Amino acid sequence: MTAFQSDFLHALSNRGFIHQVSDAAGLDALADRSEIVAYVGYDCTAPSLHVGHLLSIMMLHWLQQTGNKPIALMGGGTTRVGDPSGRDETRKLLTYEQIDANKESIKGTFAKFMRFGAGKSDAVMADNAEWLTTLNYIEMLREVGRHFSINRMLTMDSVKLRLEREQELSFIEFNYMILQSYDFVELARRYGCNLQMGGSDQWGNIVNGIDLGRRMGTHQLYALTCPLLTTSSGAKMGKTAAGAVWLNADMLPVYDYWQFWRNTEDGDVERFLKLFTLLPLEEIARLAALQGQELNEAKKTLATEATALMHGRELAEQAAETARRTFEEGTLAENLPTIDVGKADLDNGIGILTAFVQAGFVASTSEARRQIKGGGLKVNDVTVTDEKMTLAAKDLTPEGVIKLSLGRKKHVLLKPV
């Protein structure tokens, strides 16, 4: 492990954030003088970011904590094109109205991890629509496009992998790396930005930006990437059977977010405590040393600390208490996620398979059938054995709800309205 002098790279290195750095010594010297201005770009493809984005957000957090300046770049312009990185097919093009709505919905996330303002190390929120949407195509080709080699562009993973699999790559996507490189140059000119950070799959695009900056006369630019996280069992971090683990509470209830972290595999607890909480490394080492059943305490601490960062301490502790009451006392905790169902639907009877799909526990009725055969589904803590069962008013608990469960850790309440 490289011995860094700066607090920033020292913290990132000790916590496992660093995958590649373009010029470690040069960047370390800048960080040691608190002169880094770094950005990470976030395209507005959905109304919420997901857990996969947290790694780079935490990097921006530690950047600011060590006296440097973070820039959260909204991809209002690049989202109109679509990033081909890591994809086998073209992203669906969103309308400008959808992109703007997504952008507004995403913005609030960053204020939970960074301090925004006009001070030297205060964070800035920029939007590449500001400069990309006003570009003149001919000028862009002359001033920027001439610095790009098609031969080199074809060797980039985002392009090469698609072509090797004989998957179509549209011309609009092919331009994405040029726009991303130009973002780096524009941020360098506007804000003195000198570092771009991102996932390891972005390395080629970031290095392109450094090269473009050199050709277009900016100051020295740097690249730093974090590893693309997989769990110890090899699954992609932040993906579950029910889909992405969203950061916005209106897309994933706080309790479910807490449970995602609580369900961390044993082999990932120490790594995730370092990456996704602010706990001191000594405390993390103590928690990571726990064995057997005691390791569950470390998982609960991870869940509560990670949830507190995103949703606030009060809601995180509420979720922890809900889980404790549900599992340890076997009581029906009122803070469990709730789904409204029409009273008329309940009077007519709701098919058990449909109910579990609506709850988001399974993707399809056929998957619900498989869960029933394996004894995985419960209604009011009673295992479901009949796939033709229907839920009706008779199934309401004294609290006026129906509790659906998948395994021991996933619960939701159906509430008639």
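All of these numbers come straight from a predicted model, not from anything done at the bench.
Between the side chain of Glu317 and the backbone N or O of Glu314 there is no donor-acceptor pair closer than 3.5 Å. Of the possible polar contacts, none joining the Thr277 side chain to the Glu305 backbone as a donor-acceptor pair under 3.5 Å is found. In terms of modelled atom types and a separation under 3.5 Å, the side chain of Thr304 and the main chain of Thr301 share no donor-acceptor contact. Judged purely by atom type and a 3.5 angstrom limit, Asn194 has no side-chain atom pairing as donor or acceptor with the backbone of Ile36. In this structure, the side chain of His61 does not engage the main chain of Met114 through any donor-acceptor pair within 3.5 Å. A donor-acceptor pair under 3.5 Å links the side-chain atoms of Lys120 to the main chain of Ser34, judged by distance alone. Counting only distance, with no hydrogens or angles, the side chain of Asn128 and the backbone of Asp183 share no donor-acceptor pair below 3.5 Å. Listed for the Asp122 side chain is a donor-acceptor partner under 3.5 Å among the backbone atoms of Gly119. Here the side chain of Asp43 pairs no donor or acceptor atom with the backbone of Thr45 at under 3.5 angstrom.
Put simply, the side chain of Met310 reaches to within 4.5 Å of the side chain of Thr109, judged on heavy atoms. Using a 4.5 Å cut-off on side-chain heavy atoms (C-beta onward), Met59 and Leu63 make no contact.
Here Thr264 pairs with Trp261, Asp268, Val269, Phe272, Leu302 under the side-chain contact (heavy atoms from CB on, under 4.5 Å) rule; sequence neighbours left out. For Arg189, there are no salt bridge (Lys or Arg N to Asp or Glu O under 4.0 Å) partners at least two apart in sequence or on another chain.
Across all their heavy atoms, Phe356 and Lys378 have their closest contact at CZ-O, 3.4 Å. Here the closest heavy-atom approach between residue Ala323 and residue Tyr255 is recorded as N-CE1, 3.8 Å. Between Ala368 and Val362, the shortest heavy-atom contact is CB-CG2, 3.9 Å. Minimum heavy-atom separation, Gln64 to Pro70: CB-CG, 3.9 Å. Across Tyr222 and Ile210, no two heavy atoms sit closer than the pair C-CD1, 3.6 Å. For Glu367 against Phe361, the heavy-atom pair with the smallest separation is OE2-O, 4.4 Å.
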May I have the step-by-step check of ring pair (Phe, Tyr, Trp, His ring centres under 6.0 Å) for Tyr39 and Phe184, ending in yes or no? CA-CA 8 Å; Tyr39 93 94; Phe184 203 173; 5.6 Å; yes

Can you list the steps and then say if Glu130 with Arg190 is a side-chain contact (heavy atoms from CB on, under 4.5 Å)? CA-CA 12 Å; Glu130 194 177 323; Arg190 291 177 180 230; 2.8 Å; yes

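In summary, the side chains of Thr307 and Arg313 do not present any donor paired with an acceptor at a separation below 3.5 Å, with no hydrogens or angles considered.
Tested against Leu224 for a side-chain contact (heavy atoms from CB on, under 4.5 Å), the candidates His19, Met197, Gln196 yield a single pass: Met197.
Taking the six-membered ring for Trp and the full ring otherwise, Phe116 and Phe110 have centroids separated by 6.0 Å or more.
Remark: His10 NE2 is loosely packed, at most 12 non-hydrogen atoms of other residues, nucleotides or ligands lying under 6.0 Å away. Shown here is Glu283, whose CD atom has more than 12 heavy atoms of other residues, nucleotides or ligands within 6.0 Å. For Lys373, the NZ atom counts as loosely surrounded, since its 6.0 Å shell holds 12 or fewer non-hydrogen atoms of other residues, nucleotides or ligands.
Rounding to the nearest 0.5 Å gives a distance of 9.5 Å between CZ of Arg152 and CE of Met177. With rounding to the nearest 0.5 angstrom, the CG atom of Asp256 is 10.0 Å from the CG atom of Asn263.
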